[in-house]
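See structure below.
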There are 2 protein chains.
Amino acid sequence: MSGKAQIIDFQSKKMSCEACIVGHQCLGYDPRLPGACIFKNSNMPHQLLHRGEYLYRAGEPFQALYMIRSGIIKTYFISEDGEEQILGFHLPGEIIGFDGIAEGAFPSNAMALDTTSICKLSFDSLEEHYGASPQLQSALLRGMSREILRHENMLMLLGKKKADQRLASFLLNRSTYQRSHGYSATVFTLAMTRTDIGKYLGLTVETVSRVLSRLQVQGIIEVHTNQIQILDLDALRDLAGDYAGRPGIEHGAIRVNRPFTGERQVNKAFH
Amino acid sequence: MSGKAQIIDFQSKKMSCEACIVGHQCLGYDPRLPGACIFKNSNMPHQLLHRGEYLYRAGEPFQALYMIRSGIIKTYFISEDGEEQILGFHLPGEIIGFDGIAEGAFPSNAMALDTTSICKLSFDSLEEHYGASPQLQSALLRGMSREILRHENMLMLLGKKKADQRLASFLLNRSTYQRSHGYSATVFTLAMTRTDIGKYLGLTVETVSRVLSRLQVQGIIEVHTNQIQILDLDALRDLAGDYAGRPGIEHGAIRVNRPFTGERQVNKAFH
DNA sequence: CGTCATGTTGAACCAGGTCAAAGAAAGTGG
DNA sequence: CCACTTTCTTTGACCTGGTTCAACATGACG
């Protein structure tokens with residue numbers, strides 16, 4: 001069967017880190033080293049995956065993190081009854097596999113949605129360079145923290161948002177990624193199917209399709225199969241209802257007004 | 001107002017790490033040191049929070065992780081329109097605050113649901129001891145990875161599960177925690193309100209209440225306000241539908257049979 | 001023991017799921 | 001390059017789990 005798919009020959013294609021688009025964002029990046037990468041001389045450089053191939057599967061032993069150089073990877077869980085929950089679509093610059101550290105095995109699956117070039121960051125090599133490189137340490141911690149933050153935002157989305165808000169958030173996310181990587185914030189291609197979008201956002205295909213149609217009718221976006229054009233970014237932002245950008249300065253202040261039940265007791269304690 | 005609540009005097013109450021129930025599970029634990037804790041001589045030891053008091057709030061600068069010694073803390077996001085999504089209920093032994101590392105500020109709020117003793121793990125001290133202690137490094141990485149894993153399970157729960165499955169998972173979780181900490185796996189107290197359970201599980205209070213009643217009628221649990229007794233653990237497990245325990249050995253194998261659409265291509269590539 | 005928060009239960013409603021069917025793309029093989 | 005097959009997408013009609021609204025019960029606490 002498809003079991004073979006997970007056997008990837010990492011030796012077959014070595015590429016220089018110097019040419020890597022990811023550059024200094026990479027965990028392995030170190031300008032002091034020849035080749036600018038701590039993995040330069042290891043025998044585990046880059047590898048190409050084709051659509052539908054697995055990078056790893058649930059249950060496999062964890063040995064490495066993976067950095068995406070180009071392409072797109074989806075990571076997902078499968079429940080007892082075969083239901084697939086997509087955990088993320090991962091784009092160039094992102095590192096995946098953090099969830100394997102805890103138990104020494106991957107709990108999730110990672111599959112390429114398109115031709116994808118990835119870089120294997122052997123955990124042993126990583127630990128080897130760990131003591132010597134404080135910036136490697138903090139890059140790793142920040143990378144994991146960012147992953148946690150991303151998950152927390154997804155919990156908010158799945159726990160509280162309505163279908164259109166979910167789609168709006170999703171599109172906005174892509175848009176933000178696009179802009180921050182020098183591409184158009186308003187015109188882009190979705191590499192994944194509607195089904196997969198649904199499995200990511202906790203919705204059915206039909207709902208995804210309907211909401212996209214609805215947004216199009218409302219003049220907020222324009223859709224041609226995989227091509228998305230955002231016509232009204234502000235409307236999309238309104239819909240998404242994320243607090244504008246990140247842990248702003250004054251959230252605490254804003255929220256003081258809210259009638260937290262539990263808070264009463266605090267007040268009492270201070271009066 | 002309640003703003004005062006977040007000003008916590010960490011100097012006021014120093015306690016020995018040697019007496020700490022958390023012991024070697026703690027990030028700071030090091031048997032070679034006097035006091036067995038890398039934080040022993042720092043001026044940031046333990047502190048007591050009362051019900052409704054904040055440990056930190058969204059927007060505050062991140063300086064430390066916090067380990068819970070006793071009690072219970074809820075962490076949560078608040079959306080633009082004041083909606084609260086609870087990210088977790090954190091019990092003794094757990095470390096919270098990882099989500100603040102990425103941006104240098106907390107994106108979430110942390111409030112005590114009951115009298116709670118916490119230990120402040122200053123991030124500076126942590127980094128100071130980092131190079132010297134490989135086990136501190138790996139404990140930190142594994143702690144964060146476990147948090148990621150926990151979130152991924154919650155994504156599954158919120159994305160795929162029905163109300164009763166969510167409650168079943170929730171109760172099962174508590175049960176597992178209880179057992180692994182030497183308490184009864186079948187009889188315990190819920191420290192949080194139904195409203196909070198709802199905000200955690202993406203449901204309304206009414207639904208939580210109804211489902212609990214239903215489970216009681218079905219003879220699976222018995223509820224007296226906050227007292228829960230699990231009568232049929234297996235039924236609960238069936239309901240929850242988590243794959244029994246963690247990234248088992250053979251998930252990959254099991255799943256090979258599933259008709260993944262994308263997989264077709266892989267097979268071809270290998271034939 | 002009265003008050004206020006929290007919990008329960010009922011009834012009506014609706015967002016999104018389910019089922020079904022048809023159209024549009026994209027891969028496949030001649 | 002074209003015909004064929006399969007997957008993906010869209011849309012409609014219906015159904016239902018969970019929300020909403022409302023009323024009442026319980027229980028903690030000063």
Side-chain angles (χ1 to χ4, degrees), chain A residues 50-52 81 83-84 113-115 157-168 189-217 221-228 239 259-269 271, chain B residues 50-52 81 83 113-114 157-168 189-217 221-228 239 259-269 271:
Chain A
H50 298 99
R51 181 136 78 107
D81 48 354
E83 285 270 51
E84 182 179 325
L113 291 182
D114 203 346
T115 304
L157 181 145
L158 293 173
K160 289 270 135 63
K161 292 187 183 175
K162 304 248 170 238
D164 343 28
Q165 301 183 292
R166 296 184 193 192
L167 261 302
T189 308
L190 297 178
M192 71 292 296
T193 65
R194 304 289 139 99
T195 306
D196 275 353
I197 296 175
K199 283 173 178 172
Y200 180 50
L201 300 178
L203 302 168
T204 57
V205 208
E206 294 94 325
T207 303
V208 172
S209 180
R210 272 189 257 269
V211 171
L212 288 178
S213 300
R214 202 183 305 152
L215 293 176
Q216 189 164 20
V217 170
I221 60 173
E222 203 166 311
V223 192
H224 291 110
T225 49
N226 289 333
Q227 294 294 331
I228 299 283
L239 244 182
F260 284 135
T261 348
E263 212 162 331
R264 196 173 24 89
Q265 332 234 5
V266 177
N267 296 337
K268 287 218 176 131
H271 289 341
Chain B
H50 298 100
R51 180 137 77 105
D81 48 355
E83 286 272 49
L113 290 182
D114 203 345
L157 182 145
L158 293 172
K160 288 269 135 60
K161 292 186 181 175
K162 305 248 170 238
D164 345 27
Q165 300 183 293
R166 296 185 194 191
L167 261 301
T189 308
L190 297 178
M192 71 293 293
T193 64
R194 305 288 140 102
T195 306
D196 275 352
I197 296 174
K199 284 174 178 172
Y200 179 51
L201 300 179
L203 302 168
T204 58
V205 208
E206 293 94 326
T207 303
V208 172
S209 181
R210 272 187 257 268
V211 171
L212 288 178
S213 301
R214 202 182 305 154
L215 292 176
Q216 189 163 19
V217 170
I221 60 172
E222 203 167 309
V223 192
H224 291 111
T225 49
N226 290 333
Q227 295 293 331
I228 299 284
L239 245 182
F260 285 136
T261 347
E263 212 163 329
R264 195 174 24 88
Q265 334 231 3
V266 178
N267 295 338
K268 289 230 171 116
H271 290 340

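Chain naming here is simple, since letters A, B, ... match the order of the sequence lines and numbering starts at 1 in each.
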Whole-Å distance separating the [atom1] atom of [X] from the [atom2] atom of [N]:
X: A:Leu215; N: D:dT9; atom1: CG; atom2: C1'; answer: 16 Å
X: A:Arg51; N: D:dC8; atom1: CZ; atom2: P; answer: 8 Å
X: B:Lys160; N: C:dG16; atom1: NZ; atom2: C1'; answer: 14 Å
X: A:Arg194; N: C:dA26; atom1: CZ; atom2: P; answer: 11 Å
X: B:Leu167; N: D:dG17; atom1: CG; atom2: P; answer: 16 Å
X: A:Gln227; N: C:dA24; atom1: CD; atom2: P; answer: 19 Å
X: B:Glu206; N: C:dG7; atom1: CD; atom2: P; answer: 12 Å
X: B:His224; N: D:dA28; atom1: NE2; atom2: P; answer: 13 Å

Problem set entry | Whichever of B:Arg214 and B:Thr225 has its nearest DNA chain D nucleotide further upstream toward 5' |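 Result of the comparison: B:Arg214.
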Pick base, sugar-phosphate or nothing for [X], based on heavy-atom distances below 4.0 Å to the nucleic acid.
X: B:Leu212; result: nothing
X: A:Thr204; result: base
X: B:Thr207; result: base
X: A:Gly202; result: sugar-phosphate

Atom pairs under 3.5 Å: protein N/O with N/O of nucleotides 12-15 of chain C:
none

[X] vs [Y] side-chain heavy atoms within contact, under 4.5 Å:
X: A:Leu203; Y: A:Leu167; result: yes
X: B:Arg166; Y: B:Val211; result: no
X: A:Lys199; Y: A:Val205; result: no

Exercise. Between the main-chain N or O of B:Lys162 and the side-chain N or O of B:Gln165, is there a donor-acceptor pair closer than 3.5 Å?
Worked result: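 At least one qualifying donor-acceptor pair exists.
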For this session: List the steps and the verdict of side-chain contact (heavy atoms from CB on, under 4.5 Å) for B:Asn226 and B:Arg194.
Result: CA-CA 9 Å; B:Asn226 290 333; B:Arg194 305 288 140 102; 4.1 Å; yes
Exercise. So, does the side chain of A:Arg210 form a donor-acceptor pair with the base of D:dG12 at under 3.5 Å?
Worked result: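 Under the 3.5 Å cut-off, the side chain and the base do form a donor-acceptor pair.
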Exercise. Nearest heavy-atom pair of B:Leu239 and B:Ala168: which atoms, and what distance?
Worked result: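 Heavy-atom minimum between the residues: CB-CB, 3.7 Å.
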For this session: Specify the closest pair of heavy atoms between A:Thr207 and A:Ala163, including all atoms of both residues, with the distance to one decimal.
Result: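 Heavy-atom minimum between the residues: CG2-CB, 3.8 Å.
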For this session: Look at the side-chain N and O atoms of B:Ser213 and state whether any lies under 4.0 Å from the OP1 or OP2 oxygen of C:dT9.
Result: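 Yes, within the criterion.
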Problem set entry | 5' precedence on DNA chain C between A:Leu203 and B:Asn226 (nearest-nucleotide basis) |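 Between the two, 5'-proximity favours B:Asn226.
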Exercise. Which of the following nucleotides, C:dC19, C:dT8, D:dG18, is nearest to the side chain of B:Asp164?
Worked result: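 Within the option list, the nearest is D:dG18.
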